[in-house]
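A quick write-up on the structure given underneath.
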Amino acid sequence: MNTKLIAVDPKNIDMNKIKQASEILRNGGLVAFPTETVYGLGADALNGEASRKIYEAKGRPSDNPLIIHIAEMNSLEFLVGEVNEDARILMEKFWPGPLTLIFKKTDRVPYSTTGGLETVAVRMPSHPVAIALIRDSGICIAAPSANTSGKPSPTKASHVLEDLNGRIDMVIDGGDVGIGLESTIVDMTGNVPVILRPGYVTREMMETVIGKVETDEQAKGASDDFRPRAPGMKYRHYAPKAELILVKGDAGHVSEKINELAKDEESQGKKVGIIATTEMERGYHYGTVITIGSRSDRETIARNLYSVLREFDNTDVETIYCEAIEGDNLGQAIMNRLKKASSNHIIQLDNDGEIEEQTW
Ligand code: TXA
Ligand code: MG
């Protein structure tokens with residue numbers, strides 16, 4: 001298949017180009033498009049055959065459900081059963097935006113879109129290109145992140161092509177995305193909303209408008225022992241080709257330890273990469289160092305994370321050391337992705353900067 005690449009300026013949308021993409025979607029084809037979080041790989045959500053193609057193109061396990069993207073509130077009634085008061089408030093406050101809500105599905109939503117589940121995930125993106133595409137096509141668009149399953153999500157059109165060129169009909173290049181991490185996912189089917197995947201919309205932000213919100217243990221990046229409630233979170237994810245190791249502790253100790261480990265590996269003839277914060281970058285004397293952003297600017301770190309991981313895929317490094325990014329809110333979402341990308345390989349330092357514990 002020949003993958004067509006078209007550029008659409010989000011500030012000045014060329015509807016002729018959007019119409020070409022709409023046509024493909026209406027005919028059951030696959031179009032990758034920008035959203036404010038990451039690029040999505042879209043297909044007609046109510047056409048089971050079309051959404052099956054998404055799984056094939058991504059190499060995605062068929063039990064991993066897709067998120068349905070809508071542009072108008074009245075599309076919701078086709079897709080979901082009961083919408084409770086908390087859900088209404090969350091939608092009012094955070095839609096359009098990086099928040100996905102899970103509801104009981106209606107019969108119209110095929111099981112091939114929900115990975116066999118009775119529930120369905122829905123989100124209204126805020127990216128102007130995504131909104132234009134959904135509106136013009138008149139379709140509810142099922143869209144996972146537009147990467148090969150297991151790889152870091154795409155934050156620019158070139159990432160999509162790296163993974164899916166020749167496997168999908170079209171990529172709409174709308175430039176780099178703004179947020180860089182996937183949406184927050186909240187299960188609204190129980191008494192208390194539960195965060196299944198942390199993201200830009202944080203628990204604190206939601207609690208200020210609806211009161212109590214819980215976080216699924218798995219989403220905190222805790223043990224891998226039990227079945228996560230967002231099926232996708234059980235797979236190895238966001239992973240670079242090299243082995244990624246997170247080093248946690250006081251920032252000064254962390255960079256010292258990374259230097260020591262990197263020096264060691266280089267002396268054994270291995271190629272090492274380091275993901276550094278701006279504050280620490282000059283302290284590294286070994287390996288290939290890529291800076292991800294300032295410790296005090298989580299938004300930049302989130303935006304750069306996946307492209308930094310992909311940059312290392314274009315080098316021959318075998319091990320990547322990364323300073324752990326601690327903290328609440330967006331820091332938690334970043335750590336959740338880093339833990340998954342490293343398969344939980346973490347070196348914890350004690351107060352003296354010595355290795356206290358190592359997990360993986
Ligand atoms: O920001 C985003 O959410 C991006 C953009 C493209 O919108 N999409 C995205 O989709 O990240 P994907 O497929 O990469 O991740 C969807 C996650 C998976 O972990 C999946 O298991 C979970 O959502 N999910 C979808 N439907 C679900 C459901 N009914 N119940 C529980 N989890 C669900
Ligand atoms: Mg994904």
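In listed order, ligands and their atoms are each counted from 1. Below, all heavy atoms of this structure are taken into account, side chains as well, without hydrogens, waters or symmetry copies.
The option with the heavy atom closest to atom 6 (C) of ligand 1, from among Ala32, Gly42, Gly40, is Gly40. Residue Ser183 holds the heavy atom nearest to atom 3 (O) of ligand 1 of all those in Ser183, Pro144, Pro98.
Residue-to-ligand polar distances keep Thr35 apart from ligand 1: every N/O pair is separated by 3.5 Å or more. In terms of polar-atom proximity, defined here as any N/O pair under 3.5 Å, Tyr39 makes no such contact with ligand 1.
Residue pairs meeting the side chain to side chain donor-acceptor pair (under 3.5 Å) criterion with at least one partner in residues 74-84, sequence neighbours excluded, are absent.
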In residues 285-293, what donor-acceptor pairs under 3.5 Å come from side-chain atoms, sequence neighbours left out?
{"unit_1": "His285", "atom_1": "NE2", "unit_2": "Gly283", "atom_2": "O", "d": "3.3"}
{"unit_1": "Thr291", "atom_1": "OG1", "unit_2": "Glu281", "atom_2": "OE1", "d": "2.6"}

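Taken to the nearest 0.5 Å, the NZ atom of Lys151 stands 9.5 Å off from the NE2 atom of His159.
Within the protein, the N, O or S atoms lying under 2.8 Å from the Mg ion (ligand 2) are Ser145 OG.
Remark: distances from the non-hydrogen atoms of Arg197 to ligand 1 include one below 4.0 Å. Look at Ala143 and you'll find a heavy atom under 4.0 Å from some atom of ligand 1. Not close to ligand 1: Thr114, with no non-hydrogen atom less than 4.0 angstrom away.
At a heavy-atom cutoff of 4.0 Å, ligand 1 is contacted by no atom of Asp187, backbone or side chain. With a 4.0 Å heavy-atom cut-off, ligand 1 is reached by the backbone of Thr119 and by its side chain too.
Listed by chain and residue number, nothing satisfies the side chain to side chain donor-acceptor pair (under 3.5 Å) test with Arg167 (two or more places apart in sequence, or in another chain).
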